[in-house]
Amino acid sequence: MESIRFTKMHGISNDYIYISCMDHEPERLSELSVEMSDRHTGVGGDGIILICPSDKADFKMRVFNADGSEAKMCGNGSRCVGKYVYDNGLTDKKAITLETLSGIKILNLHLGCNGKVDKVTVDMGVPELNTADVPVTCDALHMIDAPIATSAGTVHITAVSMGNPHGIVFVDDLRQVDVHGLGRELELHDMWPDRANIEFAQVLSPDGIAMRVWERGSGETMACGTGACAVAVAAAVTSRAGRRVTIHLLGGDLDIEWSHCDGHVYMTGGATKVFEGVYDRVS
Ligand SMILES: N[C@H](CCC[C@H](N)C(=O)O)C(=O)O
């Protein structure tokens with residue numbers, strides 16, 4: 001039987017199981033994610049996140065959703081990786097680079113009064129709106145408020161990639177949205193060659209947006225960092241809000257700025273350690 005040491009952490013309640021692979025990487029990672037993510041028979045989480053060595057950056061992050069699919073980027077997860085590597089003494093740097101499947105990200109770590117990381121700002125890079133690069137099947141160069149027929153009637157979708165695909169639906173009242181039914185339907189819509197994360201967003205003010213998210217491969221989560229960035233970009237390109245906004249998610253708030261200077265999206269939010277443990281792998 002293989003025993004796997006892990007640390008449970010969350011980024012505004014988007015909770016993952018973190019496994020250090022600095023010395024050894026478990027096999028059959030997709031199966032392991034399904035097993036460990038189970039909230040009844042496993043540790044419980046939205047997926048697993050591996051912290052690995054890198055020859056291109058200070059560290060490498062791999063993300064597996066609860067259904068075992070591998071994600072190319074995880075905003076909330078990257079903040080927790082920053083906390084993990086600093087608080088566990090793997091680095092003494094407060095600005096670190098993180099290799100992901102969607103490129104190198106830069107993390108700036110903020111310490112609390114206890115000297116541990118409590119908040120992180122992540123340079124999430126440049127958002128991608130070209131439909132071919134999201135990817136989403138669409139004749140137009142960009143998918144902006146495009147009408148899409150669904151079982152709940154026509155919805156209007158804006159497609160954005162933050163290294164992973166997102167479909168954003170702006171609504172007048174989040175309380176009226178069937179996030180689980182419509183979210184799953186849109187995640188699996190055939191316009192997405194690789195499925196997509198689906199965000200429902202209600203603009204509250206020029207600098208405040210509430211959202212809920214149905215994540216590809218994990219279902220509704222309490223928060224999604226890349227999703228919050230995608231919502232901020234979609235709100236700006238459709239003139240619904242400014243380029244510096246607070247996104248209010250079920251699990252907490254994220255501050256997002258889409259910089260006029262370099263076109264990068266910067267996300268700032270919390271990172272929390274819950275507990276450590278050892279998982280005895282069953283299969
Ligand atoms: N929760 C993550 C996103 C995971 C993305 C994953 N669901 C996918 O793209 O398949 C975040 O904070 O950005």
Side-chain angles (χ1 to χ4, degrees), residues 8-18 29-30 33-34 37 44-51 61-84 98 100-103 105 107 119-125 127-128 133-136 159-168 179-180 183-184 186-189 192-201 211-234 247-256 258 264-272:
K8 185 74 189 294
M9 305 179 80
H10 71 84
I12 60 169
S13 301
N14 184 200
D15 60 324
Y16 290 90
I17 301 149
Y18 292 76
L29 293 170
S30 292
S33 185
V34 173
S37 301
D46 292 328
I48 66 172
I49 291 184
L50 309 185
I51 299 158
M61 173 177 76
R62 291 186 70 185
V63 182
F64 290 83
N65 294 311
D67 72 351
S69 59
E70 184 165 9
K72 291 173 66 183
M73 179 51 194
C74 180
N76 288 320
S78 60
R79 300 198 311 275
C80 289
V81 168
K83 175 174 178 65
Y84 181 99
L98 185 62
T100 75
L101 289 180
S102 70
K105 311 297 176 186
L107 281 56
K119 197 163 61 167
V120 180
T121 296
V122 184
D123 176 349
M124 299 288 283
E128 186 54 73
D133 299 320
V134 172
V136 59
V160 179
S161 171
M162 290 304 304
N164 54 0
H166 294 269
I168 295 97
V179 173
H180 289 219
R184 182 188 305 278
L186 290 172
E187 172 201 357
L188 303 173
H189 193 288
W192 312 107
D194 307 323
R195 299 188 291 168
N197 302 284
I198 305 299
E199 286 82 21
F200 300 96
M211 68 169 265
R212 288 176 66 182
V213 56
W214 176 269
E215 282 201 30
R216 174 177 63 173
S218 294
E220 180 169 20
T221 61
M222 295 294 284
C224 180
T226 50
C229 294
V231 164
V233 169
I247 305 289
H248 306 288
L249 301 106
L250 294 180
D253 291 351
L254 291 174
D255 292 327
I256 311 291
W258 184 11
H264 287 213
V265 178
Y266 294 87
M267 169 192 64
T268 301
T272 306

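For the numbers below, each heavy atom of this structure counts, side chains included, while hydrogens, waters and symmetry mates do not. Residue numbers start at 1 and run along the sequence shown. Whatever order the structure lists ligands and atoms in, that order sets their numbers, starting from 1.
Remark: R62 engages E70 in a salt bridge, criterion side-chain N to carboxylate O under 4.0 Å. A salt bridge links R195 with D67: the distance from a Lys NZ or Arg NE/NH1/NH2 to an Asp or Glu carboxylate oxygen falls below 4.0 Å.
Nearest heavy atom pair, residue S102 against residue M162, reads OG-O, 4.4 Å.
Considering only residues two or more places apart in sequence or on other chains, K8 meets the salt bridge (charged side-chain N to carboxylate O under 4.0 Å, His left out) condition with D15.
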Expected rows: ligand 1 N/O, protein N/O, dist below 3.5 Å:
from	atom 1	to	atom 2	distance (Å)
ligand 1	1 (N)	N14	OD1	2.8
ligand 1	1 (N)	Y16	OH	2.9
ligand 1	1 (N)	E215	OE1	3.2
ligand 1	1 (N)	E215	OE2	2.7
ligand 1	7 (N)	N65	OD1	3.0
ligand 1	7 (N)	N197	OD1	3.0
ligand 1	7 (N)	E215	OE1	2.9
ligand 1	7 (N)	R216	O	2.9
ligand 1	9 (O)	N164	ND2	3.2
ligand 1	9 (O)	N197	ND2	2.9
ligand 1	9 (O)	R216	NH2	3.0
ligand 1	10 (O)	N65	ND2	3.0
ligand 1	10 (O)	R216	NE	2.8
ligand 1	10 (O)	R216	NH2	3.3
ligand 1	12 (O)	N14	OD1	3.2
ligand 1	12 (O)	G75	N	3.4
ligand 1	12 (O)	N76	N	3.0
ligand 1	12 (O)	N76	ND2	3.2
ligand 1	12 (O)	G225	N	2.7
ligand 1	13 (O)	G75	N	2.8
ligand 1	13 (O)	G225	N	3.4
ligand 1	13 (O)	T226	N	2.8
ligand 1	13 (O)	T226	OG1	2.7

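The closest side-chain heavy-atom distance from H264 to M124 is not below 4.5 Å. When side chains are defined from C-beta on, M73 counts as touching K105, because their heavy atoms get closer than 4.5 Å.
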